[in-house]
**Q** 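I have a structure I would like to understand better, so I am pasting it below and will then ask my questions one at a time.
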Amino acid sequence: MADVAALVAAAREGAPRAVARLISLVEGASPQLREAMAAVAPHCGNAYVVGLTGSPGVGKSTTTSALVTAYRAQGRRVGVLAVDPSSPFSGGALLGDRVRMGEHASDPGVYIRSMATRGHLGGLAWAAPQAIRMLDAAGCDVILVETVGVGQSEVEIAAQADTSVVLLAPGMGDGIQAAKAGILEIGDVYVVNKADRDGADATVRELNHMLGLGEARSPGDWRPPVVRTVAARGEGLEEMVAALDKHRGWMEERGVLAERRAARAAKEIETIAVTALRRRIGELRGGKRLDALAARVAEGTLDPYTAADELVEGVTEG
């Protein structure tokens with residue numbers, strides 16, 4: 001059994017192995033997770049969480065790596081959660097953190113973790129919110145959450161980040177895809193990466209046009225900017241970081257940041273509670289109550305709503 005207090009203390013000092021073990025407690029749903037979350041709670045709430053999403057091939061990993069470089073140049077400590085597709089065989093992430101962002105692997109001011117989605121929809125691992133808390137408690141100033149890149153389900157990043165960045169690239173039909181996926185509704189900053197390609201100007205124009213369609217913003221409301229970058233060469237990163245800082249300042253001034261974080265905490269609490277209830281329902285499957293209720297519904301002597309009420313009573317008893 002891990003010494004949770006010692007792990008948290010070491011993580012606060014920046015020990016990468018301690019941070020890794022804490023996140024492993026999250027991913028493995030360890031019996032010690034409750035103790036660990038209680039221990040890190042007083043140290044949370046300081047990190048700025050930036051989510052990066054977009055279709056496959058737009059350069060999310062390259063942009064994330066370039067952002068790490070930009071933030072490190074400012075002296076900020078950076079955590080990265082790179083959420084990868086799960087292997088259908090092992091359940092592990094298909095791409096390793098050292099492969100994706102090897103240039104930062106030896107930097108003590110950067111912590112990079114690849115997490116597997118394990119079939120969870122929304123482009124995020126189910127454990128990502130709690131892993132964000134661990135990195136926050138470990139003293140990261142900025143946490144970058146890079147999602148899988150699976151398309152329409154990626155809007156979930158908006159519920160996990162302070163600022164959501166939507167990446168697009170010219171020549172990929174991203175404008176139409178973005179409208180279909182609904183990600184134009186969740187972006188706080190839009191980045192047209194690979195802006196040295198033909199069609200970049202058209203993509204920027206199309207984005208600005210689509211962002212302007214049907215918008216009903218009041219004076220002082222945030223209007224998402226469109227930034228051009230060539231992340232592979234580090235071009236446009238200063239403008240991107242400036243846009244992120246500007247959005248954070250706007251949120252702090254208007255109280256939006258506190259609202260988003262409270263909503264994120266509410267979602268996290270709900271997920272933990274629902275997971276616990278599902279576990280208890282699963283335990284009931286091994287008993288006779290659920291089978292008896294199902295048999296009565298199947299034979300027509302009980303309606304499913306009344307059966308569900310009885311099941312909930314059984315789950316919440318004691």
Side-chain angles (χ1 to χ4, degrees), residues 1-52 61 64-65 68 71 76-87 90-102 104-120 122-148 156-157 159-162 264-265 267-269 271-272 275:
M1 297 285 282
D3 183 339
V4 171
L7 281 180
V8 172
R12 295 283 297 159
E13 294 296 320
R17 290 177 67 88
V19 181
R21 290 188 67 186
L22 285 173
I23 295 179
S24 292
L25 293 181
V26 172
E27 288 193 296
S30 167
Q32 292 183 288
L33 179 56
R34 184 181 293 267
E35 179 187 355
M37 294 301 286
V40 302
H43 308 295
C44 293
N46 301 307
Y48 176 43
V49 183
V50 178
L52 295 99
S61 292
T64 300
S65 182
V68 172
Y71 280 127
R76 302 196 210 185
R77 193 170 175 206
V78 184
V80 179
L81 287 182
V83 184
D84 290 326
S86 300
S87 164
S90 67
L94 294 177
L95 302 175
D97 49 18
R98 295 293 189 272
V99 175
R100 302 171 73 121
M101 301 173 200
H104 303 297
S106 60
D107 185 344
V110 180
Y111 182 85
I112 302 170
R113 177 76 170 221
S114 290
M115 298 182 70
T117 58
R118 300 181 183 178
H120 184 68
L124 288 173
W126 74 272
Q130 294 172 72
I132 289 171
R133 284 188 176 279
M134 295 302 187
L135 290 176
D136 188 357
C140 291
D141 300 302
V142 180
I143 300 172
L144 305 176
V145 183
E146 179 201 333
T147 61
V148 175
E156 187 174 318
I157 184 59
Q160 302 301 337
D162 297 325
R264 193 159 75 222
K267 179 68 174 177
E268 186 179 0
I269 294 166
T271 299
I272 293 169
T275 299

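Values in this document were obtained by computation on a predicted structure and should not be read as measured data. Computation of the quantities below employed the complete heavy-atom set of this structure, encompassing side-chain atoms and omitting hydrogens, waters and symmetry-equivalent molecules.
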**Q** What's the spacing between Ile143 CD1 and Arg113 CZ if we round to 0.5 Å?
**A**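 Ile143 atom CD1 to Arg113 atom CZ measures 13.5 Å (nearest 0.5 Å).
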**Q** Under the side-chain contact (heavy atoms from CB on, under 4.5 Å) rule, what do Leu52 and Val145 come out as? Steps first, then yes or no, please.
**A** CA-CA 6 Å; Leu52 295 99; Val145 183; over 6 Å; no
**Q** CD of Gln160 to CZ of Arg264: how many Å apart, nearest 0.5 Å?
**A**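 These two atoms lie 7.0 Å from each other.
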**Q** Surrounding CZ of Arg76 (heavy atoms of other residues, nucleotides or ligands, distance under 6.0 Å), is the total greater than 12?
**A**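 Correct, the count exceeds 12.
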**Q** Kindly give the heavy-atom pair with the smallest separation between Val40 and Ala137, and that separation in Å.
**A**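 That closest heavy-atom pairing would be CB-CB, 3.6 Å.
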**Q** Checking Arg77 side chain against Ala138 main chain: does a donor-acceptor pair fall under 3.5 Å?
**A**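 Present.
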**Q** Walk me through whether Met37 and Gln32 qualify under side-chain contact (heavy atoms from CB on, under 4.5 Å).
**A** CA-CA 9 Å; Met37 294 301 286; Gln32 292 183 288; over 6 Å; no
**Q** If you define the side chain from C-beta out and look only at heavy atoms, does anything of Tyr111 sit under 4.5 Å from Val80?
**A**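 Heavy-atom side-chain distance check fails, nothing below 4.5 Å.
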**Q** Find the distance between CG (Leu25) and CD (Gln130) and round it off to the nearest 0.5 Å.
**A**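 Leu25 CG to Gln130 CD: 10.5 Å, rounded to 0.5 Å.
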**Q** How many angstroms lie between atom CG of Asp107 and atom CD1 of Ile112, to the nearest 0.5 angstrom?
**A**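 Asp107 atom CG to Ile112 atom CD1 measures 8.5 Å (nearest 0.5 Å).
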**Q** Between Ala47 and Cys140, what is the shortest heavy-atom contact and its length?
**A**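 Closest approach of Ala47 to Cys140: CB-O, 3.2 Å.
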**Q** If you define the side chain from C-beta out and look only at heavy atoms, does anything of Val78 sit under 4.5 Å from Leu144?
**A**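 Sidechains of Leu144 and Val78: in contact.
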**Q** What distance separates Leu7 CG from Met134 CE, expressed to the nearest 0.5 Å?
**A**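 It is 9.5 Å, given to the nearest 0.5 Å.
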**Q** State, with a plain yes or no, whether a side-chain heavy atom of Glu146 is found less than 4.5 Å away from one of Leu81.
**A**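 The answer is no, as the side chains (C-beta and beyond) never meet within the 4.5 Å cut-off.
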**Q** So does Cys44 get a backbone contact from the side chain of Arg133, meaning a donor-acceptor N/O pair under 3.5 Å?
**A**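 No; judged by distance alone, with no hydrogens or angles, the pair does not exist.
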**Q** Any donor-acceptor pair under 3.5 Å linking the side chain of Asp162 with the backbone of Val49?
**A**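 Yes, Asp162 side chain to Val49 backbone: donor-acceptor pair under 3.5 Å.
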**Q** Quick check: does any side chain N or O of Thr271 sit under 3.5 Å from a backbone N or O of Lys267, one acting as donor and the other as acceptor?
**A**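 Side chain of Thr271 to backbone of Lys267: a pair is present.
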**Q** Compare all side-chain heavy atoms of Asn46 with those of Asp136 and state whether any distance is below 4.5 angstrom.
**A**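 Yes, at least one pair of side-chain atoms sits under 4.5 Å.
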